[in-house]
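So the structure is just underneath, and the comments pick up after that.
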Amino acid sequence: MDTEGTQDAQHTAALPPSGERRPDRPAVPRPAAPHTPPRPTAPPAMPATPPPATGAAGAQPALLGWLRTPRPAAAPGIWTYGHRPRAEKEPERIPLRQLISGAVISFLCGWLLWSLLWNGYLGPYWYWPLQILRPDSWAAARTSGDHTAFLVVTNAYYGLWILGIAFFFGRLGRWPELIRRSVVPLLRRLRDRAPAAKPVPATDPAQWPELRAHGAPDAADRLAAEARSGAMNDVDVARIGRAWRSVRSGRNSLASFTDTVLRQGAAACAHPSGRRDLARRTAQHDLLAHQVRIGTAAEHPRNPYQHRGSGCALEPRVLGTSLLAVGPAGSGKTTRLVRPVVEAMCLQALAGQCAVVAVGPAGSAPGPDDAFDVVVQIGRPDADCDLDLYGGTVDPDEAAGILAEALVGDLAEQLPGGDSRRAATALAQLLGPFRAAHDRFPTVPELRELLDGVPQAVAALRTALEEAGGHTLLRELDARARQSERPGDVALLLADRIALLDRPAFAGFFDPTGATRQVSLRALDHPLRVRIELPERGHAEASRILSRLVLAQFTECAVARTDRSLFACLVLDEAAHTITAEALRGLQRLRSANAGAVLTLRSLDDVPEALRSALLGSVGCRMAFAGVTPWDGAPFAEVWGKEWVETRDVTDRQIIAHGAGMKAFHLVRQLVTGKAATSKAITVRTVERERWSASDLANALPAGHAVLSVTTVEGEHAPPVLIDLRP
């Protein structure tokens, strides 16, 4: 099939779902393998996500209601599924009891005024305009003849007075606000209980009107029938919608798309793994809006009024600016942020819209194994897949730059020149000749020997290079030999760091000879779902090196993609000692490459002090969880800035009585109430205040809450919002 979904499928079929055993093969990508039948999946658990099957007999599938639910435009970070927009500013809130009493009093006053006018207690003055403007013939007809015109004009005049009195006293008694706060919610509940009107087929999303309007009515009929029968789910809708957009853009043919849909129905353009859904969902997802709901904005005075009570969601256009989350252990970073985001990216990958790489320590898996195409368990003897140490590149200079960033990126300030360029040069002087001699990059033990300057290893490389005819690269080896004799050679530090990966636990990993199935991030232009487990327990320093390696490879490969139609997302749980100056430059480049990263930290102390402000400035989304320290909250408070707020200062002033009677009255009042007679003076001022101060972030955030600010790739941003992350 020529559709976009099938093209992605053919490229990514080489990466099987985790747990499926295959013979060892070369590095990905590889030609497509035969697909296995799709595994049956359970219905989604959350109510906002349509289940793939019908409910009771004769009832319509929930998918139809999900498709027809409105998704109005809203500010960034707001859950748009069924969202009801609110005003930007909070209206003046008057107690309901005061509104009712004021409305009753104003009604009685208006009734009294009309009664006085009607019974003539206020004189005939209010009747004079009618007498002046009314023709005399109409008045004469009142006693004889037809007096219809007289009655119509007179009653209309009385009606104008009644309307004027009602308008005046209605505004005085705030009748419109009372109706808006009491009657309108009742009518809205009655409307919600009433059966919804049948949508017009021309605008019904369940009827696929866009396909009908552009020459694919047969495919639209087949898809509509699948939706009515319950054989379609939300992932199918998103996946087929993406394939249709590829047809509209001219990348694929209409005939091929129609033929595929007529043959396969809702299973058309399936993911290479054959999956059409995840086995289990733990969050609310809206694949039409590409959103995942992570919580609800609290009814807090610090929150903007239009956000209060609404759902908070993340989506690719927000994650494209990258997200940094800081919170102590147990604050919910993994369970309430990382897992929903990874789950959303996996669903969007099944829909052919995203590629996701989830990295975290072993034991804190962001999802089950069957939610991923590949699970790389570094340090596990039973691991199915391996990680390419050189990022799938064939350029020695590029491989040296990535590897140098992983090995000594955190020590760049201590190196000569203040960066890792000399380390990259030293590695390139060895990787280039080795690849020219052996048509591959060295293994970890081989690279360690070369960096240590073992005479046998260097002599063997020189001999192999001479036999391969790489005489021009001999100068690189000679230069490396001369530099190794200088004091403070960076190769010694590189050898010490690479030795952390040359351990018995990693003996079967990072093998560039082709003996293992390696995962390369060069395949980010395909809808991959990759999970990488780091051996943090027992190999903490090696885990940090691998974290920097994956981050460096991701930023390099995501920017180097030729096809950026897929959103590439890296989720790095626990990014301690991973952020470097080069990593920040890579994060800044992701925004224009339709890619983004989600980074979590237990504390900003895990980032060098010189890079903390730059880190908060490089990401567009910032999240502070409950339990952060004032030292961690201070940079957030600074980057979120200040706002103008209205404050009220109340001053009590004692009333001094001058007369004997007033003095006696004040004395009795003080004996009864126990307080002196005072008068209150209220001063209203507009002052500039921090949106969230360091003290507020450290002491005022309830458990299970976080403060989140988001920015879209277009530059639209939302102020920090207090979110309740609890389900």
Study note, to complete from the structure: Separation between NE2 (His290) and CD (Glu315), nearest 0.5 Å, reads 8.5 Å
Review point. Side chains of Ile545 and Arg497: closer than 4.5 Å at any heavy-atom pair?
Key: yes
Review point. Between Thr712 and Val710, does a side-chain contact (heavy atoms from CB on, under 4.5 Å) hold up when you go through it step by step?
Key: CA-CA 7 Å; Thr712 66; Val710 298; over 6 Å; no
Point to revise | Non-hydrogen side-chain atoms of Phe554 and Leu572 separated by less than 4.5 Å | key: no
Practice item. Apply side chain to side chain donor-acceptor pair (under 3.5 Å) to Arg448 and list each qualifying residue two or more places apart in sequence or on a separate chain. Key: Asp502
Check your understanding: Between the side chain of Ser322 and the main-chain N/O of Ala597, is any donor-acceptor distance below 3.5 Å?
Key -> yes
**Study point:** Shortest non-hydrogen separation from Ala523 to Leu528 and the atoms involved
**Key:** O-CD1, 3.2 Å
Point to revise | Crowding at CZ, Arg589 (>12 non-hydrogen neighbours, <6.0 Å) | key: yes
Practice item. Answer yes or no: is there a donor N or O on one side and an acceptor on the other, between the side chain of Thr321 and the main chain of Val713, under 3.5 Å? Key: no
Check your understanding: CG/Leu551 to CG/Leu599 distance, rounded to the nearest 0.5 angstrom?
Key -> 6.5 Å
Review point. Is it true that a side-chain atom of Arg486 and a backbone atom of Gln483 form a donor plus acceptor pair closer than 3.5 Å?
Key: no
Review point. Where is the tightest heavy-atom contact between Cys557 and Gly391, given as atom of each residue plus distance?
Key: SG-O, 4.1 Å
Check your understanding: With a 4.5 Å limit on heavy-atom distance, are the side chains of Trp692 and Leu701 in contact?
Key -> yes
Point to revise | Residues Arg548 and Asp410 bridged, charged N to O under 4.0 Å | key: yes
Review point. For the side chain of Arg564 and the backbone of Ser592, is there at least one donor-acceptor N/O pair under 3.5 Å apart?
Key: yes
Practice item. In plain terms, say whether Arg544 and Glu541 are close enough for a salt bridge, that is, a side-chain N and a carboxylate O under 4.0 Å apart. Key: yes
Review point. For residues Thr393 and Asp395, is any side-chain donor paired with an opposing acceptor at under 3.5 Å?
Key: no
Exercise for review: Using the ring of Phe372 (Phe, Tyr or Trp, six-membered ring only), decide whether Arg529 places NZ or CZ under 6.0 Å from its centre and within 45 degrees of its axis.
Suggested key: no
Review point. Does NE2 in His438 sit with more than 12 non-hydrogen atoms of other residues, nucleotides or ligands closer than 6.0 Å?
Key: yes
Check your understanding: Is there a donor-acceptor contact under 3.5 Å from the side chain of Glu476 to the main chain of Leu473?
Key -> no
Review point. About how many Å separate CD of Glu714 and CZ of Arg591, when rounded to the nearest 0.5 Å?
Key: 10.0 Å
Exercise for review: Might you point out which heavy atoms bring Pro527 and Ala349 nearest each other, and give the distance in Å?
Suggested key: CB-O, 3.4 Å
Point to revise | Closest heavy-atom pair and its distance - Asp386, Gly508 | key: OD2-O, 4.1 Å
Check your understanding: Does a salt bridge link Asp696 with Arg689, judged by any charged N lying under 4.0 Å from a carboxylate O?
Key -> no
Practice item. Starting from the C-alpha separation in whole Å, work towards a yes-or-no answer on side-chain contact (heavy atoms from CB on, under 4.5 Å) for Leu697 and Trp640. Key: CA-CA 12 Å; Leu697 293 174; Trp640 281 331; 3.9 Å; yes
Check your understanding: Do any N or O atoms from the side chain of Asn303 and from the backbone of Ala297 form a donor-acceptor pair under 3.5 angstrom?
Key -> no
Check your understanding: What's the spacing between Glu449 CD and Leu461 CG if we round to 0.5 Å?
Key -> 11.5 Å
Point to revise | Steps toward salt bridge (Lys or Arg N to Asp or Glu O under 4.0 Å) verdict (Asp573, Arg339) | key: CA-CA 10 Å; Asp573 194 10; Arg339 288 179 183 173; over 6 Å; no
**Study point:** Minimum side-chain heavy-atom gap Glu716-Arg317 below 4.5 Å
**Key:** yes
Check your understanding: Is there a donor-acceptor pair under 3.5 Å between the side chain of Tyr390 and the backbone N or O of Pro442?
Key -> yes
Practice item. Say whether, by atom type as modelled, one donor and one acceptor occur between the side chain of Lys333 and the main chain of Gly327 under 3.5 angstrom. Key: yes
Revision key, fill the gap. Closest non-hydrogen atoms of Val598 and Cys569, given as atom of the first, atom of the second and distance, are CG2-SG, 4.5 Å
Point to revise | Heavy-atom closest contact (Pro720 atom, Pro304 atom, distance) | key: O-CD, 4.2 Å
Practice item. Mark yes when over 12 heavy atoms from residues, nucleotides or ligands other than Arg480 sit less than 6.0 Å from its CZ; otherwise mark no. Key: yes
Practice item. Apply side-chain contact (heavy atoms from CB on, under 4.5 Å) to the pair Leu604 and Phe636, showing each step before the final yes or no. Key: CA-CA 10 Å; Leu604 287 177; Phe636 281 96; 4.2 Å; yes
Practice item. Return yes if some donor-acceptor pair links the side-chain N/O of Glu343 with the main-chain N/O of Ala283 below 3.5 Å, else return no. Key: yes
Review point. So with a 6.0 Å cut-off around CZ of Arg440, is the heavy-atom count from everything else above 12?
Key: yes
Review point. Can Leu350 and Leu278 be said to form a side-chain contact (heavy atoms from CB on, under 4.5 Å), step by step?
Key: CA-CA 9 Å; Leu350 292 178; Leu278 298 180; 4.0 Å; yes
Practice item. Answer yes or no: are there more than 12 heavy-atom neighbours, outside Arg691 itself, under 6.0 Å from its atom CZ? Key: yes
Point to revise | Note: Arg522-Asp388 ion pair, threshold 4.0 Å (strictly below) | key: no
**Study point:** The single option from Thr578, Leu324, Ile579 passing side chain to side chain contact (heavy atoms under 4.5 Å, CB included) against Val607
**Key:** Ile579
**Study point:** Straight-line distance of Ser547 OG to Glu574 CD, nearest 0.5 Å
**Key:** 8.5 Å
Point to revise | Any Phe567 side-chain heavy atom under 4.5 Å of Met345 side chain | key: yes
Review point. Any side-chain heavy-atom pair from Leu403 and Leu447 closer than 4.5 angstrom?
Key: yes
Check your understanding: Centres of the His539 and Phe506 rings: under 6.0 Å?
Key -> yes
Check your understanding: Which is it for Arg293 and Asp286 under the salt bridge (Lys or Arg N to Asp or Glu O under 4.0 Å) test, yes or no, and what are the steps along the way?
Key -> CA-CA 8 Å; Arg293 180 167 181 164; Asp286 184 12; over 6 Å; no
Check your understanding: Less than 4.5 Å apart, any side-chain heavy atom of Glu582 and any of Arg421?
Key -> no
Check your understanding: If only atom types and distance count, is the side chain of Asp511 paired as donor or acceptor with the main-chain N or O of Thr513 below 3.5 Å?
Key -> yes
Check your understanding: Is the closest side-chain heavy-atom distance between Ile294 and Met623 below 4.5 Å?
Key -> yes
Point to revise | Polar contact flag, side-chain donor to acceptor under 3.5 angstrom, Gln588-Arg585 | key: no
Review point. Could you state the interatomic distance from CZ (Phe510) to CG (Leu387), rounded to the nearest 0.5 Å?
Key: 6.0 Å
